[in-house]
Amino acid sequence: MDKINVSLDSLPKKPEFLGASPLQPYFSLKKCGYILEKALNNENRWHTKVVCNILDRDSKRYVSTAYTKQNDYLGLLETTTYLKCNNKLIPEIVKIYPKDKTIICDYIGEFLSDYLLNNPADITLSLTSVFDYLKDINSINQSYKIFIIPSIIKTALELSKRLVDNFEFLPKVKIILPKVEDSRLKFTYGYGIEDPHIWNFRIVKTKDAIQALTTDFDYFSDNVNCFWELGYFYATFRWLKRISLPFTCKAEEILLSLIQNQDLKSEFMFWLGALSSYCGYKDSLRNLMMNGGISKLIEQYRIIQQLDEKVFYLANKILKEKSIYHVRIRECE
C-alpha cells in the first residue's frame with residue numbers, strides 16, 4: 001500500500017471559533033444534526049482538513065474530519081477498512097458524507113499526553129501499550145527488506161546542498177546511510193505510521209487493560225520499522241519538558257528500557273527514528289543560518305549533532321559486523 005495522506009486527529013490548537021472560508025474544508029454540522037464543540041487540528045492545516053469534536057442531539061461526542069481532497073477522504077476509508085479487517089484497534093466510523101468528503105467517527109480514548117500527566121501511576125503500562133500497538137500494526141505482512149533511508153531523512157540531507165557558510169545539517173549520517181543502503185543489508189519492515197508523535201496517540205482504559213491507538217494516519221505505509229517508530233515517539237517527548245521535566249525524564253527512561261537487550265539493528269533503527277523526529281527543524285535551521293545564526297535553536301542543533309554521531313556509530317558497527325561475517329564465511333569455504 002502506498003503512503004496515504006489522511007488523518008483522524010492531531011495536536012489541538014483549540015481555536016474558539018471555526019468559520020467557513022473558501023480556503024477551508026467546510027462541513028455543515030448543523031444541517032446534519034451536529035453541534036460544534038471545538039476544532040482539534042492546527043489552523044494551518046485547515047486548507048487540507050478540519051478535525052473537530054462534535055456533539056449529536058443527545059450530546060454524544062464524535063469526531064468529524066472534513067477534507068478538501070477526494071483522495072484523502074477515500075484514503076482514510078481504505079486505511080481504516082484495512083486495519084479493521086486485520087482486527088486492529090481503530091476509531092469506529094459511524095457515518096460518512098461523500099459529497100462533503102467528511103467522515104464521522106466515535107470519540108475514542110483520551111489524548112496520551114493528557115492521560116499520562118493525569119495518571120502518572122500508569123506511565124509504564126501506557127508507554128508499553130503504545131509500543132505493543134506499534135508492533136501489532138507492524139506485524140501485518142511483515143518482511144525483511146533492504147534498508148530504506150526514511151523519507152524525512154532524505155529530505156533533510158538535501159538541506160546541506162542549499163545552506164550557506166559550509167553549514168552541514170547531518171554530516172556523518174549523510175555519508176553512512178547510503179553505505180548501509182548499498183550494503184544490501186535487510187531490516188524488518190511492516191505497516192506503520194511515519195509520524196508517530198506523542199500527540200497522535202490516545203489511550204483507552206478498561207477494567208482489564210490499558211490500550212493505545214493512533215488516530216492519525218497522515219502517512220500510513222508498509223515500509224516502517226517498529227523500532228524506528230519507537231525512537232521517533234521517544235524524541236517527541238521533548239515537547240512535554242516545558243510542562244514537567246521530571247515526568248518527561250521518567251517517560252524517556254521507560255522508553256529506553258524497551259530497547260535494552262535488543263539486537264544492534266533494532267538499536268540503530270531506534271536512534272535513526274529519534275533523529276528523524278528532529279529533522280523537522282531543518283527549515284528553521286536553514287532560515288536562521290541565512291539570517292544570522294542558529295542561536296535560537298542551539299539546544300536542538302546540539303542534540304541533532306549528538307544523534308548524527310550516534311546513528312553514524314551504530315551504522316558503522318553494523319557494516320563492520322557484516323564485513324567480519326562475510327570474511328568468516330569465506331574462511332569456511
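Keep in mind that what you see is a predicted model, and the values were worked out from it rather than measured.
Taking a 6.0 Å sphere around CG of Asn118, one finds it holds more than 12 heavy atoms contributed by other residues, nucleotides or ligands. More than 12 heavy atoms of other residues, nucleotides or ligands shown are found within 6.0 angstrom of NZ on Lys88. Within 6.0 Å of NZ in Lys145 there are more than 12 heavy atoms belonging to other residues, nucleotides or ligands.
Checking side-chain atoms of Ser64 against main-chain N and O of Ile104 turns up no donor-acceptor pair under 3.5 Å. The main-chain N or O of His47 is found under 3.5 Å from a side-chain atom of Thr68 such that the two form a donor-acceptor pair. With hydrogens and angles disregarded, a donor-acceptor distance shorter than 3.5 Å links the side chain of Tyr189 to the backbone of Ile148. Remark: side-chain polar atoms of Thr102 are paired, donor with acceptor, to backbone N or O of Asp100 under 3.5 angstrom. Formation of a donor-acceptor pair under 3.5 Å by the Asn200 side chain with backbone atoms of Pro196 is not found in this model. Judged by distance alone, with hydrogens and angles left aside, the side-chain atoms of Asn138 form no donor-acceptor pair with the main-chain N or O of Gly192 at under 3.5 Å. Looking only at distances, a side-chain donor or acceptor of Ser139 sits under 3.5 Å from a matching main-chain atom of Asp136. Side chain of Asp56 to main chain of Asp58: a donor-acceptor pair is present (N/O by atom type, distance under 3.5 Å, no hydrogens or angles). Formation of a donor-acceptor pair under 3.5 Å by the Thr206 side chain with backbone atoms of Ala209 is found in this model. Remark: the backbone N or O of Val63 is not paired with any side-chain donor or acceptor of Asn53 at under 3.5 angstrom.
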Asp132 vs Ser129, side chain to side chain donor-acceptor pair (under 3.5 Å): CA-CA, chis, key distance, verdict: CA-CA 5 Å; Asp132 288 342; Ser129 71; over 6 Å; no
Worked check of side-chain contact (heavy atoms from CB on, under 4.5 Å) between Phe227 and Ile259: CA-CA 8 Å; Phe227 286 98; Ile259 64 164; 4.2 Å; yes
Phe237/Leu240 under side-chain contact (heavy atoms from CB on, under 4.5 Å): CA gap, chis, key distance, verdict: CA-CA 5 Å; Phe237 272 78; Leu240 292 183; 4.1 Å; yes
CA sep, side-chain torsions, deciding dist, call: Ser277, Arg238, side chain to side chain donor-acceptor pair (under 3.5 Å): CA-CA 10 Å; Ser277 177; Arg238 65 187 182 273; 3.0 Å; yes
Test side-chain contact (heavy atoms from CB on, under 4.5 Å) applied to Leu319 and Leu185, step by step: CA-CA 9 Å; Leu319 291 174; Leu185 277 166; 4.1 Å; yes
side-chain contact (heavy atoms from CB on, under 4.5 Å) evaluation trace for Trp199 with Phe111: CA-CA 7 Å; Trp199 293 327; Phe111 282 110; over 6 Å; no
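Taking the centre of each ring, Tyr191 and Phe220 come in below the 6.0 Å mark. For Phe268 and Phe147, the ring centers are positioned less than 6.0 Å apart. When ring centroids are compared, Phe233 and Phe131 stay outside the 6.0 Å threshold. Taking the ring centroids of Phe312 and Trp271, they lie at or beyond the 6.0 Å cut-off.
Salt-bridge check for Lys205 with Asp122: passed, with a basic side-chain N closer than 4.0 Å to an acidic carboxylate O. A salt bridge is defined here as a Lys NZ or Arg NE, NH1 or NH2 lying under 4.0 Å from an Asp or Glu carboxylate O, and Lys49 with Asp72 fails to meet this definition. Using a 4.0 Å cut-off between charged nitrogen and carboxylate oxygen, Glu321 and Lys265 do not count as a salt-bridge pair. Ion pairing between a basic and an acidic side chain is recognised when a charged N comes within 4.0 Å of a carboxylate O; Arg202 and Glu110 show no such pairing. Between Glu92 and Lys84 there is a salt bridge, with a side-chain nitrogen of the basic residue lying less than 4.0 Å from a carboxylate oxygen of the acidic one.
Taking the six-membered ring where tryptophan is involved, the planes of Tyr234 and Phe270 are tilted, since the angle between them lies from 30° to 60°.
Linking Ile, Leu, Val, Met, Phe, Trp and Tyr whenever their side-chain heavy atoms come within less than 4.5 Å puts Ile243 and Trp239 in one cluster. Cluster membership check: Trp228 shares its hydrophobic cluster with Ile140, using side-chain heavy-atom separations under 4.5 Å among Ile, Leu, Val, Met, Phe, Trp and Tyr. No continuous path of hydrophobic side-chain contacts links Ile35 to Tyr107 [ILVMFWY only; heavy atoms under 4.5 Å]. One hydrophobic cluster, built from ILVMFWY side chains closer than 4.5 Å, holds both Leu258 and Leu112. Hydrophobic clustering (ILVMFWY, side-chain heavy atoms < 4.5 Å, transitive): Ile153 and Ile175 are in distinct clusters.
Nearest heavy-atom pair across Cys226 and Leu134 is CB-O, 4.2 Å. Residues Trp46 and Ala39 share a closest heavy-atom pair of CZ2-CB, 3.9 Å. For the residue pair Ala315 and Val180, the shortest heavy atom distance occurs at CB-CG2, 3.8 Å.
At least one side-chain heavy atom of Tyr34 sits under 4.5 Å from a side-chain heavy atom of Lys95. Between Glu267 and Lys310 there is a side-chain heavy-atom pair separated by less than 4.5 Å. The shortest side-chain heavy-atom distance between Ile210 and Val204 does not fall under the 4.5 Å cut-off. Using a 4.5 Å heavy-atom threshold, the side chains of Cys52 and Val50 count as touching.
Side-chain atoms of Tyr232 and Asp195 include a donor-acceptor pair closer than 3.5 Å. Counted by atom type alone, Asn225 and Glu229 present zero donor-acceptor pairs between their side chains at under 3.5 Å.
Qualifying side chain to side chain contact (heavy atoms under 4.5 Å, CB included) partners for Asp182, counting only residues two or more places apart in sequence or in other chains: none.
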